[in-house]
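Per chain, numbering begins at 1; letters A, B, ... match sequence-line order.
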Amino acid sequence: MPAASPPAVTRFAPSPTGHLHIGGARTALFNWALARRLGGHFLLRIEDTDRARDAGPESVVGILRGLEWLGIDWDEGPAPDLSADRDPRGVGPFRQSERRALYDDAARRLLEADLAYHAFETPDELAAMRDLAKREKRPFRYDRAALRIPRAERFARAESEPHVVRFRAPEEEVVVRDEVLGEVRLAPGEVDDFVIVKADGFPTYHLAVVVDDEAMGVTHVVRGQEHLINTPRHVLLQRALGCRTPIYAHLPLIVSPSGAKMSKRDKDRTVRRACRDAGLAEPPPGTVEPAVFARWLADKNRQMEQGALARLAAALGVTLPEIDVEDFRAAGYLPRVVANYIALLGFSPGGDVEKFDLAFLAERFDLARIGKTGARFDYKKLLAFNTDAIAAMSDEDFAERWRAWCLEFAPEVVRAAGAEAGVSPTWRVLAAALRPRSKTFADAARGAGFLVTPDDEIAYDRKAVDKALLKNDGEGLAVLRDLRRTLAGLTDWSAPGVGAALGAFAEGRGVGLGKVAQPLRVALTGSTVSPPIDATAALLGRDRCLARIDRCLAAVDRGRFDGS
RNA sequence: GGCCCCAUCGUCUAGUCAGGUCCAGGACGCCAGGUUUUCAUCCUGGAAACCGGGGUUCGAAUCCCCGUGGGGUCACCA
């Protein structure tokens, strides 16, 4: 029989913000990988002790979706569909708001043992004390004023007055052993009497995390380095409560290309800069309230609501940086590529290995191979990885996955290729033509634009027309006119059929294929860029091709290149 | 500012724990050629780093100290 308790338990403990931040995704991935590697359990716990910011049960869905998309599964925690929790060991529930009794009990024990005490300062009073400390340039630390109130009186007042509970931090050196950083020491007195129970009766993060990690048997705590400074507090609390201290590993931060910790604010930064560059004094109509816009533009620390920000970005023609897992999904990246890339941020399997999958991580992940230095998120490298992955896909696989993506993010492409009911022959041709030249699904969807645009709405790129049609006394134009006649008599409109016809045509004129393909390409798509010309023509079909050629010829004759 | 952490090409990193095989390897990016019906690929080549200063040692990217630089954190958020 196997041992009664699993050898290792790791956890990912997000607060329910609704979105899975890319940094959180990496934390989850490493915790998952460690549990798999150790043959233990990976659990998910929702840290929703902040009533003020509680966004409801739905806000965990976005996080669960993000994890599922990446291919990260969990042994314990909320079910993906939010039905009954997965709880094989009976350590749930997994939402901290449902575990109040545990925290209340821990706080009561600390209070009774005099290891914690009631304090009655209001938030305003504390803020004033903090301001004063700042003005006098000394570090603020709660002065234990409440401890001057006799103990019995504190308990009595707590019955009727608003209060918090503070941990009575012992003045001793704290040494934290960290698998990544080694030993981290904090001098006696550096940990202050932090709050463990808020005025609304809910525990703070510090109390909840210590109580739950103990109750859930968590053996390894792998989290971002921004938590490093919290760890001494947790260790002290563990001692006071008689809890075990888990093995800690603090991950290096992921920073944005600008160098600061990667956050949603990067989106605001990007759009704000674009507004300034464009000299925008008022928001474009239909984007956001002018008053909100003005306040946001003036205050670089202010964040705009996501929807409004997206509309504003679209109006300005700027692309928002991807920050949440959902952003990467929408941008058309492959989940395994995103997982692979973020695993490389702060971790390396050693040697020259850098392309790998989740199975590899589950087998080879090792805390000893985590670096200490902050890692800059390199969008270009991610894109290169995604390009490689798409290039390595089979046409069939790409056709199916790309269709699924388009269904959600670019339905017009699916309609244009008549693939509403499933992968159609046309879709197969389109996907095969686009795959080798696509870096992302979104990139491929853009490439399908020529098929989506109605025949009579093609806009002709001025430079393309000059180069492919008008240059050398209308050389290209002449080719196009002759070509139209040839094409009109062509019966085989498959890509090979068109290709053969074009090849013969070019040979007959004694010119390279380029001299034929480019004029045709401009006529069919309005630009010099499209999938291979034979596929482009085949996809459009005979009638639409001839119509587009005629329209192009007429437009050039009239000198109207915008298609009007 | 206090405290804490960190420091190899522009970026992610291998090498550091067990000092010599490293005039430092790979990847992304960049530059120069080449292939290609457009685009995107692809191929070949190239430039590019051990933060500075002291030690220890026969020998240091690797160990120690100082400096400098960067980051994190200082909530009744997590």
- Query: Any idea how A/His163 and A/Phe120 line up, ring-wise: parallel (<30°), tilted (30 to 60°), or perpendicular (>60°)?
  - Reply: tilted
- Sort out the partner of B/C17 for me: Watson-Crick or G-U wobble, both distances under 3.5 Å, none otherwise. none
- If we take the C1' atom in both B/A49 and B/C65, what is their distance in whole Å? 24 Å
- Contact class for A/Gln225 (heavy atom, under 4.0 Å): base, sugar-phosphate, or nothing? sugar-phosphate
- Item | Nearest-angstrom distance, C1' atom, B/C64 to B/C17 | 15 Å
- Message: Using a 4.0 Å heavy-atom cut-off, does A/Leu345 contact any base of the nucleic acid, only the sugar-phosphate backbone, or nothing at all?
- Response: sugar-phosphate
- Pairwise C1' distance for B/A48 and B/G26, with rounding to whole Å: 14 Å
- Item | Pi-cation contact, A/Phe140 with A/Lys134 (under 6.0 Å, within 45°) | no
- Kindly indicate whether a cation-pi arrangement holds for A/Arg166 with A/Tyr142, taking the cut-offs as under 6.0 Å to the six-membered ring centre and within 45° of the axis. yes
- If B/G2 has a Watson-Crick or G-U wobble mate with both distances under 3.5 Å, name it; if not, just say none. B/U73
- Query: Contact class for A/Gly512 (heavy atom, under 4.0 Å): base, sugar-phosphate, or nothing?
  - Reply: nothing
- Message: Categorize A/Thr528 for me: base, sugar-phosphate, or nothing, with a 4.0 angstrom heavy-atom threshold over every strand shown.
- Response: base
- Message: Ring centres under 6.0 Å, that's the criterion: do A/Tyr341 and A/Phe377 meet it?
- Response: yes
- With both distances under 3.5 Å as the test, what is the Watson-Crick or G-U wobble partner of B/C30? B/G46
- Query: When the C1' atoms of B/U62 and B/G20 are considered, how many whole Å apart are they?
  - Reply: 11 Å
- Can you tell me, in whole Å, how much space there is between the P of B/G69 and that of B/A32? 36 Å
- Item | Assigned partner base of B/U57, Watson-Crick or wobble definition, under 3.5 Å | none
- Nearest-nucleotide comparison on RNA chain B, the residue closer to the 5′ end among A/Arg141 and A/Phe385: A/Arg141
- Task: Could you measure between the two C1' atoms, the one in B/C74 and the one in B/U11, and give it in whole Å?
- Result: 31 Å
- Is A/Asn230 touching bases, backbone alone, or none of the nucleic acid, heavy atoms closer than 4.0 Å? base
- Task: Would you indicate what A/Lys137 reaches in the nucleic acid, counting non-hydrogen atoms under 4.0 angstrom: base, sugar-phosphate, or nothing?
- Result: nothing
- RNA chain B: 5'-proximal contact among A/Lys380 and A/Pro532 (nearest heavy atom): A/Lys380
- When you compare B/A60 with B/G52, how far apart are their P atoms, in angstrom units rounded to a whole number? 15 Å
- Does A/Arg233 count as lying over the ring of A/Phe167, i.e. NZ or CZ under 6.0 Å from the six-ring centre, within 45 degrees of the axis? no
- First-last contacting nucleotides on RNA chain B - partner chain A, under 4.0 angstrom, heavy atom: B/C3 to B/A78
- Message: Students often get this wrong, so: under 4.0 angstrom with heavy atoms, is A/Thr49 touching a base, only sugar-phosphate, or nothing?
- Response: sugar-phosphate
- Query: Taking atom C1' in both B/C22 and B/C9, what distance in whole Å separates the two?
  - Reply: 14 Å
- Message: Could you tell me the Watson-Crick or G-U partner of B/C39, where both distances fall under 3.5 Å? Say none if there is no partner.
- Response: none
- When you check the gap from the basic side-chain N to the acidic O, do A/Arg462 and A/Asp466 get nearer than 4.0 Å? yes
- So what does A/Glu121 touch, heavy atoms closer than 4.0 Å: a base, only the sugar-phosphate, or nothing? base
- Query: So what does A/Lys355 touch, heavy atoms closer than 4.0 Å: a base, only the sugar-phosphate, or nothing?
  - Reply: nothing
- Task: Have a look at A/Arg53 and say if it touches a base, only the backbone sugar-phosphate, or nothing, with a 4.0 Å heavy-atom cut-off.
- Result: base
- Mind checking side chain to side chain donor-acceptor pair (under 3.5 Å) for A/Glu507 and listing every partner two or more places apart, or none if nothing turns up? none
- Task: Answer with base, sugar-phosphate or nothing: what part of the nucleic acid does A/Leu186 contact at a heavy-atom distance below 4.0 Å?
- Result: sugar-phosphate
- Taking the six-membered ring of A/Phe202 as reference, does the NZ or CZ atom of A/Arg100 fall below 6.0 Å from its centre and within a 45° cone about the axis? yes
- Query: Touch check for A/Ala384, heavy atoms < 4.0 angstrom, all strands: base, sugar-phosphate only, or nothing?
  - Reply: sugar-phosphate
- Task: Answer with base, sugar-phosphate or nothing: what part of the nucleic acid does A/Arg130 contact at a heavy-atom distance below 4.0 Å?
- Result: sugar-phosphate
- Item | Pair A/Asp193-A/Tyr117, side-chain donor/acceptor within less than 3.5 Å | yes
- Query: At under 4.0 Å between heavy atoms, what does A/Arg45 touch on the DNA or RNA strands: base, sugar-phosphate, or nothing?
  - Reply: nothing
